[in-house]
Amino acid sequence: MFKHFSRSLSLVAIITVVCGAQSLRQAADDAGLLVGTAVRPHLFSESAYTQTLAHQYNMVEPEDAMKWPALRPNNSTYDFRQGDEVVRFAQAHRMKIRGHCLVWDHDNPDWLTKDHFTARQLSRILHEHITRVMTHYHGEVFAWDVINEATDENGKVRDSIWYNQPGIGLSEKGTAYIEQVFRWAHTADPHALLFYNEAEGEGLNRKSDAIYSMMKSFKRHGVPIDGVGLQMHVPAIDADIDSIAAEVFANIARLTALGLQVHITELDVPLTVEPDGAVRPSDLARQAEMYRRIVRACLNNAGCTAIQTWGFTDKYSWIGSHSHHTRGAALPFDQTYQPKAAYRALLEELSAGRSPRSDH
Ligand code: 9MR
């Protein structure tokens, strides 16, 4: 009987390997991992957009819809309409929602940056914002990027309206203001997972060393933090993919050894785009390899619990408009929603699951 049972189990395994998972979502579900993408709610009227999204992903994050400019038309008003649209879509399709982002020195509304608030006023404004937004999305957003990009390339706390210009009253006290916003966030929603999200600190460098030290100190002092978001905007051209993958693996390993989760939060791999929109086939192959190795680095560490790309179709990505359209084609689906080599690499790695197949 047992023999019979194990034979049918191996039959299931063989069928799965031969047929393969039908979507990133199915493969990620089987691997016990979240696979997500940033979304723009005004595109929910486009059926190819929503169909691909619902079929392929089990998690979404609003690209801009929960940022200050969307939520805060002025100091006394909150506008949750765009964020709520993301929540409705996700709930209708049984997807998890990551929230992004409560504190950032970028992309803040003019009323906030130009009104010359005092530190005491800013402290009240930020505390109220965190409390109100997290309360509104309580039970809906399971994880928040509480603070985004607070460290500079030398590993120093970045100058910002929230830190020292004029700050919330903890100016020149290093990471104390970061600690404060995590404490406010935890009080606002004790059930949400709280993340520190950062760019260009994915491998091993001064910035990631500083983040690691900050995390170690936060854990030692009981600061309520659950994880680190590694953004992962990684160019593939002229990159040493082996050493990037090895460094990302090592960084994930040291962070998770502190008892933190890691989410890959904004993965995209921009390529050079010719004026006629063409991309070299060899670049697409390198891009696929980069996707494969980053996903493998995550899968090989049980503490890496989510992989998310910054958009999913090359039709809509921040890269084009930020590079005068000289770079782009960074995502797993092309402009017509056809899967690229990068998609197949993602699917193959997710389907292979967590069992380590190499060191990194
Ligand atoms: O992709 C986002 C773009 O639409 C916004 O205009 C921009 C400013 O809010 O932010 C972009 O997303 C950024 C993210 O919020 C934080 N990490 C870097 C991302 C790309 O710039």
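First listed ligand is number 1; within each ligand, the first listed atom is number 1.
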Atoms in ligand 1 flagged as close to Glu266, the criterion being non-hydrogen separation under 4.0 Å: 14 (C), 16 (C), 17 (N), 18 (C), 19 (C)
Does an N or O anywhere in Gln231 fall below 3.5 Å from an N or O of ligand 1? yes
For ligand 1, is any non-hydrogen atom under 4.0 Å from Asn148's backbone (N, CA, C, O), its side chain (CB onward), both, or neither? side chain
Under 6.0 Å from the ring centre and within 45 degrees of the ring axis: does the NZ or CZ of Arg98 meet both conditions for the six-membered ring of Phe142? no
Can you check salt bridge (Lys or Arg N to Asp or Glu O under 4.0 Å) on Asp110 and Lys114, steps first, answer last? CA-CA 5 Å; Asp110 281 353; Lys114 301 222 165 103; 3.5 Å; yes
Before signing off on this row, confirm whether Asp64 and ligand 1 have an N or O atom pair separated by under 3.5 Å. yes
Give the numbers and elements of all ligand 1 atoms closer than 4.0 Å to a heavy atom of Asp107. 8 (C), 9 (O)
What atoms of ligand 1 come within less than 4.0 Å of a heavy atom belonging to Glu149? 16 (C), 17 (N), 18 (C)
Should the ring pair Tyr337 and Tyr49 be called parallel, tilted or perpendicular, given that the plane angle runs from 0 to 90° and is split at 30 and 60? perpendicular
Using the six-membered ring of Tyr316, assess whether NZ or CZ of Arg40 lies under 6.0 Å from its centre and within 45 degrees of the ring axis. no
His136 and Phe80 aromatic ring geometry - parallel, tilted or perpendicular at 30°/60° bounds: parallel
Closest to atom 2 (C) of ligand 1 by heavy-atom distance, out of Glu198, Glu61, Glu63, Glu200, is Glu63
Mind checking whether Lys67 has an N or O less than 3.5 Å away from an N or O of ligand 1? yes
Among non-hydrogen protein atoms, atom 12 (O) of ligand 1 lies closest to Trp310 NE1, 3.2 Å
Applying a strict 4.0 Å limit to heavy atoms, is His106 in contact with ligand 1? no
All heavy atoms of Ile241 vs all of Arg286, minimum pair found to be CD1-O, 3.7 Å
Hey, can you tell me if Phe333 and Phe312 have their rings parallel, tilted or perpendicular (30° and 60° cut-offs)? perpendicular
Which residue is it: Arg296, Arg354, Arg293? I am looking for the one with a salt bridge (charged side-chain N to carboxylate O under 4.0 Å, His left out) to Glu349. Arg296
Are any of the N or O atoms of Trp318 closer than 3.5 Å to those of ligand 1? no
Would you kindly specify which portion of His100 sits under 4.0 Å from ligand 1, judged on non-hydrogen atoms: side chain, backbone, both or neither? side chain
